[in-house]
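Structure first, then comments.
Each chain gets a letter, A, B and so on, in the order the sequences are listed, and its residues count up from 1.
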There are 2 protein chains.
Amino acid sequence: MSTTKQKIFNTAVDLFSRKGFSGVSVREITRNVGIKESSLYNHYKNKDDILTKIFDYFQTQMQKATPTKQYLQEKIKTIPPEQFWETGLVNFQKATQTPQIQKISKIVLLEMFQNQRARDIALEEFFTRQQKLAVMIFEIMQESNLIGKDNDPKVLALEYTYGMLGLQFEYNILSNWNLPTKTIQEKMLSHIKFISEIAKNSIGGEN
Amino acid sequence: MSTTKQKIFNTAVDLFSRKGFSGVSVREITRNVGIKESSLYNHYKNKDDILTKIFDYFQTQMQKATPTKQYLQEKIKTIPPEQFWETGLVNFQKATQTPQIQKISKIVLLEMFQNQRARDIALEEFFTRQQKLAVMIFEIMQESNLIGKDNDPKVLALEYTYGMLGLQFEYNILSNWNLPTKTIQEKMLSHIKFISEIAKNSIGGEN
DNA sequence: GTCTATACGAGGATAGAC
DNA sequence: GTCTATCCTCGTATAGAC
């Protein structure tokens, strides 16, 4: 059971993600929904308002998908670090790659250079949040003696996160065009293995 | 001395990079150039044609900026690995961050999900090319006994490249909005140091 | 809450005079 | 190579009937 308002929302998400905000007209949205242009304005103030609501939804969902410190502390002790990262990756992809969220991520990426809200979301959700999360995880792992203590958690987090971001980025492009992503998935696992190895065998810290 | 055709080109690059292809009208381009709409069609077949020419130019420039294997082989021997990467980063940024190239990079990123040509350029120039280059460099370093031989050059290249791509990505967003990029620059150096350390002190390879 | 009707500026593009 | 004039469609948005 989906209301007209929801239909507009979903249709807009789909179209914006495929053609960009300015590439989609109100006419096109309403044509796809099956209502007249004028009816749309009963649900949303204007075209911009739809985008705002989409971004609101995205932020809510991303926050929901972020694990708490407590959850992490408990979870980390149950499995080896490398496996923890693999599971985390799978969970992240599961939460983050529902069609809806993937589409909105794309909208964020598309509008990031023009729309301030999109920029803030990109910086916060894709960079800062991931970074903080990874720092926290490496700290917990060190405290629990699961990995060596010679490496700065911040450095490890930087390496883990940005590498993963580069990979995610390529993954997004490929999956957007239905190109095979197997190689990237393998590279992600290779990346996790690499960082886990280093975290385990301390290789000497700052001079 | 700049012809009308060049003015159109430069204006289009500037506007497309700021508003996206579909966010810019032919009227807006010609208004900025100082000619009538109809005059534009004496120089370019249509709006799409301008974008195509912009992409052509970009690929030519990126190819020019790619060092040859011979150049690398000679250069690598003259300085320590970490310094080599730092120099390489500076050179890359110098070549790649002229206002024009930076703008076109942004256009590529903006259109990547909608325009097949932009997608191909992104994959080729941002991922494949960088990756191949890094593999080549690590191989030369190993052959020249400048780094340990226990790590697979491909793995090192993967780690170096994707980490750098994530960082470049954040750098692009920040610099686009005139936000401070000092932190990212530091992170880039930290990344180089990290990878160089690992390449130097072999930490044990595949099992 | 949806429709018809309507407004009007902006969109890409062409024909033909100069 | 540039201009004026013109085409017709698409763009967002509103007023008011049902």
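Whole-Å rounding puts the B:E37 CD to C:dA15 C1' distance at 15 Å. Spacing between atom OH of A:Y44 and atom P of D:dT14 amounts to 17 Å, rounded to whole angstrom units. Going from atom CG of A:D48 over to atom P of D:dG11 covers 15 Å, rounded to whole Å. Look at CD1 on A:I50: it is 14 Å from P on D:dG11, rounded to the nearest Å. Rounded to whole angstrom, the span from the NZ atom of B:K45 across to the C1' atom of C:dT14 amounts to 16 Å. Distance CG (A:L51) to C1' (D:dT12): 16 Å, rounded to an integer number of Å. For B:H43 and D:dC3, the NE2 to C1' distance is 12 Å, given to the nearest whole Å.
For B:T161, the side-chain hydrogen bond (donor to acceptor under 3.5 Å, both in side chains) criterion is met by B:Q131, not counting sequence neighbours. For the side-chain contact (heavy atoms from CB on, under 4.5 Å) test, residues two or more places apart in sequence or in another chain that qualify with A:T181 are A:Y171, A:L174, A:S175, A:Q185.
Screening residues 4-36 of chain A for ring-ring contact (aromatic ring centres under 6.0 Å, His included) gives A:F9-A:Y57, A:F16-A:F21 as the qualifying pairs, with residues at least two apart or on separate chains. A ring-ring contact (aromatic ring centres under 6.0 Å, His included) check over residues 63-103 of chain B, counting only residues at least two apart or in different chains, returns the pairs B:W85-B:F138, B:W85-B:Y160. Within the structure, salt bridge (charged side-chain N to carboxylate O under 4.0 Å, His left out) contacts touching residues 38-60 of chain A (residues at least two apart or in different chains) are A:D49-A:K53, A:D56-A:R117.
Between C:dA13, D:dC3, C:dC3, one nucleotide has an atom nearer to the side chain of B:Y41 than all others, and that is C:dA13.
A:S38 comes within 4.0 angstrom of a base, heavy atoms only. B:K36 comes within 4.0 angstrom of a base, heavy atoms only.
Rounded to the nearest 0.5 angstrom, A:Q142 CD and A:I140 CD1 are separated by 11.5 Å.
Of all the residues in residues 14-35 of chain A, A:I35 reach under 4.0 Å from DNA chain C with at least one non-hydrogen atom.
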